[in-house]
Amino acid sequence: MSSKIDALKITVLSLSLCFSVSSLSATVNKTVKQKKNVIYILTDDQRYDEVGFLNPRIDTPNMDKLAAGGVYFKNAFVTTALCSPSRATILTGQYMHNHGVVDNNNPAKESSVYFPSYLQEVGYETSFFGKWHMGGHGDSPQPGFDHWLSFAGQGHYYPKKDKKGRTNKININGERVDQKGYITDELTDYAVDWLDKRDSDKPFFMYLSHKAVHSNFDPAPRHKDQYSDVAIEVPESQADTPENYAGKPMWVKNQRNSWHGVDFPYHSEMDVQEYKRQYHRALSAVDDSLGRVLKWLKDNNLENDTIVMLMGDNGFMFGEHGLIDKRNAYEESMRVPLLAYAPGYFKPGTVVDEMVANLDIAPTILEIAGAKKPAHFDGDSWLPLAKNKEVNQWRENFLYEYYWEFNYPSTPTTFALRTDNYKLIQYHGVWDTEELYDLKNDPKEMNNLINTPKHQPLIAQMRHDLFNLLVNKKGDNVIPYTEKYTPGAVYRERDRGETADFPDNWLKKEGDDGLRTFLRIKPIKDKKDDKKKSAKH
């Protein structure tokens, strides 16, 4: 009798243990499934106002849907307005002087860790689709991604054959296949197919990195004639007038007649405004792509479980200050769209006024995933801002840095500090003037205040803060550069813009005022520190 009772106890205990283990397993799976999926969509060269809800000349219904139904970051920026450095900042959460991808030529450090690797550690299935283009990297699969699809360099909008008759390739998990169609649509096909076939027991992170709208802009066939009747505005600052160049650095006037200027754009006679029309057209397929992703989420009942983000890797200039393209620290170059959407997670119509940057993407996605932010990150999660939570301390400023490239020598090494109200721009290694702009009263950056007496204490403080932000993780200030192997885009159009003159206030002779007033002015904070020290003594 006793043995039967003991056997019964063992059976009950075994069943209980099985039930407990099963319950624990269910709890773990439920916890994993409760983690939000994340889809991060990166567009190329999409400037901050290239969205329909800000620009009535274009139609972007799906991007507008993200803003209306989710979060619009009104002041989103990149810390370098150039493809490779910006993408490296997104992936590493670091400023350029820390991650080391200083231009489109220099590859990432072998020790680099991309944030999707941290997602894998907390149970996410990860994928990458599209343009990688990080310095000298090719199209080979990179760490942190379970599924990989990319192409070399900038890629091509349409399949094309080289001189040997070979079609451009797409690398899928190490196997290269021919590109078949229009790249924006084809990337979306592959991405949606992966969503259909992925491991449904895991939360997922999908990085959809479009080639569009990188130059040379080439729209999908269905958008070839779009916006034909729309007038494309000419920026007021495009005109070659003394008023527009008053207070501007010499390099800005000189770049007007260069590869990145309106007088010799890409060494051609291209019409910059017509070029912008093509830009608008090429963006339409990206909006279509976003619509397909949103539809898939809705059709698969994952709309409420997935956070969709859309961001540009840098801005783009279409004639502002006589310039085209990017690289410089003006708003049209460094300011980008950033939208986040998740029904039931973000309050519809939320607008975040605080400054956020590309270096905040990695820490934000890690917080969403419940992963710890690594100590070496320079950015911070903007998730509390997006969820309307009170944030006691958010950044007062951020650093912008661009290092001179021999292949595009008309843009100098540029350091800038942007606050909510002001932007200070410095140039390194070139004999030229600094710039200070009051962004609240002069959003188009037309009135350089660098010589205004009342702003000198502010300028001194901003110079001080800028220098400190440029210190790398080793405590050093280092100016990097890459090997020069051609003269670069040095040409000028012979019949157009003359070279710029030095600023009038620089033209002095012995005995004039100001010849010895270039010594350091103490920053405001240093003066406060001196007062505190005096009070203690």
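Position 1 is the first residue of the sequence; numbering continues from there.
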T126 vs Y207 side-chain heavy atoms within contact, under 4.5 Å: no
E396 atom CD, neighbour heavy-atom count above 12 within 6.0 Å: no
Residues E320 and R47 bridged, charged N to O under 4.0 Å: yes
Residue pair H321 / N244, side-chain heavy-atom distance below 4.5 Å: no
Side-chain donor or acceptor of S289 paired with backbone N/O of A285 under 3.5 Å: no
Criterion side-chain hydrogen bond (donor to acceptor under 3.5 Å, both in side chains) on Q226 and S284, from CA distance to verdict: CA-CA 9 Å; Q226 193 180 24; S284 291; 2.6 Å; yes
Residue pair Y408 / Q255, side-chain donor-acceptor N/O under 3.5 Å: no
Short N-O contact, D218 and R281, less than 4.0 angstrom: no
Ring centers of Y275, F217 separated by less than 6.0 Å: yes
Steps toward side-chain hydrogen bond (donor to acceptor under 3.5 Å, both in side chains) verdict (Y437, E435): CA-CA 7 Å; Y437 296 106; E435 297 170 89; 2.4 Å; yes
Qualifying salt bridge (Lys or Arg N to Asp or Glu O under 4.0 Å) pairs with a residue from residues 52-64, counting only residues at least two apart or across chains: R57-E233
Contact check, side chains of I368 and T364, non-hydrogen atoms, under 4.5 Å: yes
Check against side chain to side chain contact (heavy atoms under 4.5 Å, CB included), T433 and I450: CA-CA 8 Å; T433 186; I450 200 67; 3.8 Å; yes
Parallel, tilted or perpendicular: rings of W148 and F128 (30°, 60°): parallel
Audit row: F115, F205, ring-ring contact (aromatic ring centres under 6.0 Å, His included) steps and yes/no: CA-CA 11 Å; F115 77 83; F205 169 71; 5.4 Å; yes
Worked verdict on F415 versus Y403 for ring-ring contact (aromatic ring centres under 6.0 Å, His included): CA-CA 9 Å; F415 301 132; Y403 295 99; 5.7 Å; yes
Pair H214, Q154: side-chain N/O donor-acceptor within cut-off below 3.5 Å: yes
Salt-bridge present (D240, R256; N to O < 4.0 Å): yes
Short N-O contact, D380 and K373, less than 4.0 angstrom: yes
Modelled atom types, side-chain donor and acceptor of N98 and N472, under 3.5 Å: no
Non-hydrogen side-chain atoms of K473 and D378 separated by less than 4.5 Å: yes
Pair S86, N358: side-chain N/O donor-acceptor within cut-off below 3.5 Å: yes
Whether H267 and F264 hold their rings parallel, tilted or perpendicular, with breakpoints at 30° and 60°: tilted
Residue pairs fulfilling salt bridge (Lys or Arg N to Asp or Glu O under 4.0 Å) with at least one residue in residues 342-355, sequence neighbours excluded: none
Beyond-backbone contact of Q456 with I459, side-chain heavy atoms, under 4.5 angstrom: yes
Side-chain H-bond candidate by donor/acceptor type, N104 with S84, under 3.5 Å: yes
Test item: K35 side-chain N/O and V122 main-chain N/O as donor-acceptor pair under 3.5 Å: yes
Parallel, tilted or perpendicular: rings of Y266 and H260 (30°, 60°): perpendicular
Test log, rule side chain to side chain contact (heavy atoms under 4.5 Å, CB included), inputs D288 and H223: CA-CA 11 Å; D288 291 348; H223 300 128; 3.2 Å; yes
Intermediate values then yes/no, side chain to side chain contact (heavy atoms under 4.5 Å, CB included), K248 and K253: CA-CA 8 Å; K248 280 285 181 287; K253 175 72 183 292; over 6 Å; no
Pair D438-K423, salt bridge (charged side-chain N to carboxylate O under 4.0 Å, His left out): steps then yes or no: CA-CA 7 Å; D438 179 346; K423 184 190 294 179; over 6 Å; no
Whether W132 and F145 hold their rings parallel, tilted or perpendicular, with breakpoints at 30° and 60°: perpendicular
Aromatic plane relationship, F398 with F77 - under 30° parallel, 30 to 60° tilted, over 60° perpendicular: tilted
Ionic contact status for D325 with R327, cut-off 4.0 Å: yes
Check: L297 and I39 side chains under 4.5 Å, non-hydrogen atoms: yes
E405 and Y402: side chain donor to acceptor below 3.5 Å: yes
Q278 vs Y227, side-chain hydrogen bond (donor to acceptor under 3.5 Å, both in side chains): CA-CA, chis, key distance, verdict: CA-CA 9 Å; Q278 287 290 89; Y227 306 126; over 6 Å; no
Residues which pass ring pair (Phe, Tyr, Trp, His ring centres under 6.0 Å) with Y427, listed by chain and number, not counting sequence neighbours: W251
Test side-chain hydrogen bond (donor to acceptor under 3.5 Å, both in side chains) applied to D103 and N106, step by step: CA-CA 6 Å; D103 54 27; N106 202 43; 5.5 Å; no
side-chain hydrogen bond (donor to acceptor under 3.5 Å, both in side chains) contacts in which one or both residues fall within residues 69-78, not counting sequence neighbours: none
Check: E50/H280 side-chain N/O donor and acceptor closer than 3.5 Å: yes
Ring-face cation of K211 near Y157 (centre distance under 6.0 Å, axis angle within 45°): yes
Side-chain donor-acceptor pair present, D45, Y279, cut-off under 3.5 Å: no
Side chain to side chain contact (heavy atoms under 4.5 Å, CB included) between N62 and L310, worked out: CA-CA 11 Å; N62 294 298; L310 181 137; over 6 Å; no
Under-4.0 Å salt bridge between D44 and R87: yes
Side-chain donor or acceptor of H99 paired with backbone N/O of V101 under 3.5 Å: yes
Qualifying ring pair (Phe, Tyr, Trp, His ring centres under 6.0 Å) pairs, either residue in residues 339-393, two or more places apart: F73-W382
Flag if over 12 foreign heavy atoms under 6.0 Å of CH2, W431: no
Pairwise side-chain contact, K131 with L187, heavy-atom cut-off 4.5 Å (strictly under): no
Heavy-atom check, side chain of P337 versus side chain of L54, under 4.5 Å: no
Residue pairs fulfilling side-chain hydrogen bond (donor to acceptor under 3.5 Å, both in side chains) with at least one residue in residues 413-422, sequence neighbours excluded: E331-R418
Polar side-chain atom of T452 near backbone of K454 as donor-acceptor pair, under 3.5 Å: no
